Student: 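The following block contains the structure, expressed as C-alpha cells.
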Amino acid sequence: MPELPEVEVVRRGLAEHVAGRVIDAVTVTHPRSVRRHVLGAADLIAGISGRRVREACRRGKYLWLTFDEPDAGTPDSRTAGPALDAALVVHLGMSGQMLVQPADAPVDKHAHIRATLDDGSELRFVDQRTFGGWALAPLVEVDGSLVPEPVAHIARDPLDPRFDPEAAVAAIRAKKSEIKRVLLDQTVVSGVGNIYADESLWRARINGNRPAAGLTRPALRGLLTEVRAVMDEALAAGGTSFDALYVNVNGQSGYFERALAVYGRQDEPCRRCGAPVAREKFMNRSSYFCPRCQPVPRRR
DNA sequence: CACTGGTCCTGGTGGC
DNA sequence: TGCCACCAGGACCAGT
C-alpha cells in the first residue's frame with residue numbers, strides 16, 4: 001500500500017542503483033503491467049532499450065525515470081532536435097515493487113517486467129495485483145516543472161519544494177465534497193492515500209465527513225501541517241530499512257506496524273483520549289477515526 | 001463542469 | 001477439508 005513516503009523511498013533506491021545505468025534488454029511477461037502504454041509492449045521496449053537512465057523523479061505516488069540523450073549519430077538524434085524527451089513512468093499501484101537484483105537471482109512469480117542493466121543487475125517490476133505498471137510518455141511543462149504527460153494533472157505534493165500551502169488551502173475550500181475525499185483527490189494535493197488521510201485527520205482532530213468548504217483556513221493549514229508531519233515520519237522510518245540488494249521491499253516503511261494512531265485500530269483505545277476507535281464504510285473501503293476527538297458533523 | 005459511486009485485480013482470510 | 005464471499009485500495013470512468 002505505497003503512499004508518498006514509500007514511493008519516495010523507492011525513488012531514492014532507484015536514484016542510487018539505477019541512475020547512470022544503461023538499460024540493455026527488456027522483457028514484458030504480463031501485458032496488464034504495460035496497459036497504460038497505449039502503443040504496446042514492443043514500443044515501450046524499443047523506447048527504453050539502450051538508453052542511459054539520468055534521474056529518478058517523483059510527484060505524489062508517480063515515479064519516473066528520465067534518460068540521457070541518445071548518442072550523437074544515431075538516426076533518432078537528427079530528428080529529435082530540441083523536442084522534449086520521453087520518461088519511463090512507473091506507478092506501483094497497491095502492490096508494485098521495483099527490485100534491483102543480480103540478473104541470476106531467482107525470479108519472483110509476479111515479476112512482470114524485467115530490464116537488464118549494464119552492471120549485471122536487473123531491474124524487476126513485481127506486482128501481485130497488477131494495479132501498477134510502466135509507460136513511456138513525453139515530458140511536458142506544467143507550472144514551471146517538467147513532468148510526464150500522465151502526471152500533468154497531478155498536483156504538487158507536500159514534500160515538493162514548490163508546494164504552496166495557501167494555494168492548497170484555497171483549492172480544498174473550493175471543493176464541495178467531504179474533506180477526506182478531497183484529501184484523496186490527487187489533483188488537489190497529491191501523495192495522500194487512505195491510510196495517511198485517516199492519520200492526518202486524526203492528528204488534526206477533524207472528522208473526514210465534514211464538508212471541505214466548511215473548514216476554516218487555520219483548520220486546513222493545521223491539517224496540511226499534519227499531512228506533512230505524517231509523511232516526514234513515515235519517510236524517516238522507511239529510509240532506515242534499506243537493503244542494497246533491493247531498491248525497496250514492497251514499499252513498506254516499518255511505519256505501518258508501529259506508529260499508526262487510528263488506521264486499522266477499530267475498537268482499540270484512541271491514543272489521545274482512550275475512546276474506542278470507530279470504523280465506517282467509505283467509498284468501498286474503510287475509514288478509521290476517533291468519535292470523541294473527531295466528532296461527527298451535525299446533519300444539515 | 002463538478003461531483004459521486006462503481007470497477008478493475010489477486011492473494012489472504014474467515015465462515016460454513 | 002474445501003469452497004466461496006469478502007476485503008484491501010489508487011486511479012480511472014461512466015452516470016447524474
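Because the structure is a prediction, the values reported are computed rather than measured. Each chain gets a letter, A, B and so on, in the order the sequences are listed, and its residues count up from 1.
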Student: Calculate the interatomic distance between A/Glu280 atom CD and C/dC7 atom P; express it in whole Å.
Tutor: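 Computing the A/Glu280:CD to C/dC7:P distance gives 15 Å.
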
Student: Nearest whole Å is fine: how far is C/dA11 P from A/Ile154 CD1?
Tutor: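 Roughly 6 Å, once rounded to whole Å.
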
Student: Please give, in whole Å, the distance from C/dC13 P to A/Arg35 CZ?
Tutor: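 That distance rounds to 11 Å.
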
Student: Starting at atom CD of A/Gln97, determine the distance to atom P of B/dG11, rounded to an integer number of angstrom.
Tutor: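 Taking atom P of B/dG11 as the reference, CD of A/Gln97 is at 13 Å.
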
Student: It should be established whether A/Ser286 places a side-chain nitrogen or oxygen under 4.0 Å from OP1 or OP2 of nucleotide C/dA8.
Tutor: yes

Student: Between A/Tyr288 and A/His153, just flag the one whose closest nucleotide in DNA chain C comes earlier from the 5' side.
Tutor: A/Tyr288

Student: What does A/His30 touch in the nucleic acid at a heavy-atom separation under 4.0 angstrom: a base, only the sugar-phosphate, or nothing?
Tutor: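 The answer is nothing, as A/His30 stays clear of every strand by at least 4.0 Å.
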
Student: Is there a donor in the side chain of A/Ser200 and an acceptor in the side chain of A/Arg228, or the other way round, less than 3.5 Å apart?
Tutor: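 Judged by distance alone, the side chains do not pair up.
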
Student: The side chain of A/Arg32 lies closest to which of these nucleotides: C/dG10, C/dC7, B/dC9?
Tutor: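 The closest nucleotide is B/dC9.
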
Student: Checking side-chain contact (heavy atoms from CB on, under 4.5 Å) against A/Trp134, which of A/Asp127, A/Ile48, A/Leu65, A/Leu63 comes through?
Tutor: A/Ile48

Student: Show me the protein contacts with nucleotides 2-6 of chain B, counting only N or O atoms at under 3.5 Å.
Tutor:
from, atom 1, to, atom 2, distance (Å)
B/dC3, OP1, A/Lys176, N, 2.9
B/dC3, OP2, A/Lys175, NZ, 3.1
B/dT4, OP2, A/Ser177, OG, 3.4
B/dG5, N7, A/Arg181, NH1, 3.1
B/dG5, N7, A/Arg181, NH2, 3.1
B/dG5, O6, A/Arg181, NH2, 3.4

Student: In this structure, how many angstroms lie between the C1' atom of C/dG10 and the CZ atom of A/Arg59, rounded?
Tutor: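 One finds 18 Å between C1' of C/dG10 and CZ of A/Arg59, rounded.
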
Student: To the nearest Å, give me how far apart OH (A/Tyr196) and C1' (C/dG10) are.
Tutor: 15 Å

Student: Ignoring hydrogens and angles, state whether a donor on the side chain of A/Asn209 or A/Glu280 is under 3.5 Å from an acceptor on the partner side chain.
Tutor: yes

Student: Between the side chains of A/Ser287 and A/Lys180, is a donor N or O closer than 3.5 angstrom to an acceptor N or O?
Tutor: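 Note: A/Ser287 and A/Lys180 side chains meet the donor-acceptor criterion.
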
Student: Whole angstroms only, please: what is the CD-C1' distance between A/Gln128 and B/dG12?
Tutor: 9 Å

Student: Is there a side-chain polar atom (N or O) of A/Gln186 under 4.0 Å from OP1 or OP2 of C/dG10?
Tutor: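 Checking C/dG10 against A/Gln186, no side-chain N or O comes under 4.0 Å of OP1 or OP2.
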
Student: Consider the side chain of A/His91, meaning its heavy atoms from C-beta on, and name the nucleotide among B/dC8, B/dT10, C/dA11 that approaches it most closely.
Tutor: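 Among the listed nucleotides, the one closest to the side chain of A/His91 is C/dA11.
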
Student: Within the 4.0 Å heavy-atom criterion, would you say A/Tyr62 contacts the bases, only the backbone, or no part of the nucleic acid?
Tutor: sugar-phosphate

Student: Not counting sequence neighbours, which residues clear side-chain hydrogen bond (donor to acceptor under 3.5 Å, both in side chains) with A/His110? List them please.
Tutor: none

Student: Any idea which of C/dA8, C/dG10, C/dC12 is nearest the A/Arg36 side chain?
Tutor: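 Of the options given, the side chain of A/Arg36 lies nearest C/dC12.
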
Student: Does any N or O in the side chain of A/Ser49 come within less than 3.5 Å of the main-chain N or O of A/Ile45, such that one atom is a donor and the other an acceptor?
Tutor: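 Judged by distance alone, yes, a pair lies under 3.5 Å.
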
Student: How would you list, by chain and number, every residue that makes a salt bridge (Lys or Arg N to Asp or Glu O under 4.0 Å) with A/Glu122, sequence neighbours excluded?
Tutor: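 A/Arg114, A/Arg124.
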
Student: For A/Asp185 and C/dA11, what is the distance between atoms CG and P respectively, to the nearest whole Å?
Tutor: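 Nearest whole value for this atom pair: 10 Å.
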
